[in-house]
Amino acid sequence: MNPLYLALDLPRLDAAEALARKVKAHVGGFKLGLEFFCAHGHHGVHQIAHVGLPIFLDLKLHDIPNTVAAAMQAIHVLEPAIVTIHASGGRAMMEDAKAAAGEHTRVVGVTALTSLDDDDLASVGVPGGAGDQVLRLADLAHQAGLDGIVCSGHEVAAVRRQWKEGFFVVPGLRPADGKGPVMLGDQKRTVTPRAARDAGASVLVVGRPIAKAEDPVAAARAIEATL
Ligand code: C5P
């Protein structure tokens, strides 16, 4: 299976679908985020699913267990291959989310958002920094019966050591030859797709390096060739 998932973070559904069709031979699936889901809902997900690859619904659900379980049931019909929830929602929330998910859906826990640095984490009551928090929440997600977690390429090797059979989703990736606008944006602590794979990532999430490339097919193919 191709571990590469393309993040379709485009505001227009027709543009997202066109990009999906273009690169479909060189990626393993499509990641649809909260923005896409709020804008296009189930209809939009169906539209992308028709392209014919697995769907990763990156909704980062976080609420009381009953509400998250009900939300998982509501997206069941979409048959997503992967859904995200926040591991900081706690063990009961994760257990109930997993129990409510479809049999073929992998439920993965978001550990520490990479938009938060150690100072930000301290300000919300997490004084030990991101590294500690990722390992702590990975352990809790494992105990709660989740399939895996989301973490950065810098943490995935350590998480893999403590959770051998886990399913790990790694975003924040940049090809080694990345240049021009592709390297801009908010990503700071990046690794290459190959390095993340070697460190134990199960799924590699790539967005702008493909979506914003002059030739998205060539960009996707080039990344695929490194794996
Ligand atoms: O930066 P890029 O466009 O490749 O990001 C792809 C996807 O991964 C986006 O949907 C973004 O929200 C997500 N992401 C993330 N954590 C990061 C970097 C990106 O969840 N550290």
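From a predicted model like this one, the values you see are computed outputs, not experimental measurements. As the structure lists them, so they are numbered: ligands from 1, and atoms in each ligand from 1.
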(request) Please state which part of S152 comes within less than 4.0 Å of ligand 1, counting heavy atoms only: side chain, backbone, both or neither. (result) neither

(request) Consider ligand 1: state whether an atom of it lies below 4.0 angstrom from any non-hydrogen atom of K31. (result) yes

(request) Would you please classify the geometry between the H42 ring and the F37 ring as parallel, tilted or perpendicular, with 30° and 60° separating the classes? (result) tilted

(message) Only heavy atoms of A7, strictly under 4.0 Å: list the atoms of ligand 1 that pass.
(response) 6 (C), 7 (C), 10 (O)

(request) Classify the contact between R174 and ligand 1 as side chain, backbone, both or neither, using a heavy-atom distance cut-off of under 4.0 Å. (result) side chain

(request) Spell out, as yes or no, whether a donor-acceptor pair under 3.5 Å connects the side chain of R160 to the backbone of G166. (result) yes

(message) Students often mix this up, so state it plainly: with edges at 30° and 60°, are the rings of H142 and W163 parallel, tilted or perpendicular?
(response) parallel

(message) Pairs of nitrogen or oxygen atoms closer than 3.5 Å, one from G207 and one from ligand 1: do any exist?
(response) yes

(request) Can you sort out which atoms of ligand 1 are near P209, meaning under 4.0 Å from one of its heavy atoms? (result) 4 (O)

(message) The criterion is salt bridge (charged side-chain N to carboxylate O under 4.0 Å, His left out); which residues satisfy it with E224, sequence neighbours excluded?
(response) none

(request) Under 4.0 Å from a heavy atom of T114: give me the atoms of ligand 1 that qualify, with their elements. (result) 16 (N), 17 (C), 21 (N)

(message) Given V150, which partner from the list I82, V110, I85, V156 fulfils the side chain to side chain contact (heavy atoms under 4.5 Å, CB included) test?
(response) V110

(message) If the cut-off is 4.0 Å to any non-hydrogen atom of R208, which atoms of ligand 1 fall inside it?
(response) 1 (O), 2 (P), 3 (O), 4 (O)

(request) Drop me the distance from L146's CG to L137's CG, to the nearest 0.5 angstrom. (result) 10.5 Å

(request) Say whether, by atom type as modelled, one donor and one acceptor occur between the side chain of T192 and the main chain of P175 under 3.5 angstrom. (result) no

(request) Please could you name the atoms of ligand 1 that D9 approaches to less than 4.0 Å, counting only its heavy atoms? (result) 7 (C), 9 (C), 10 (O)

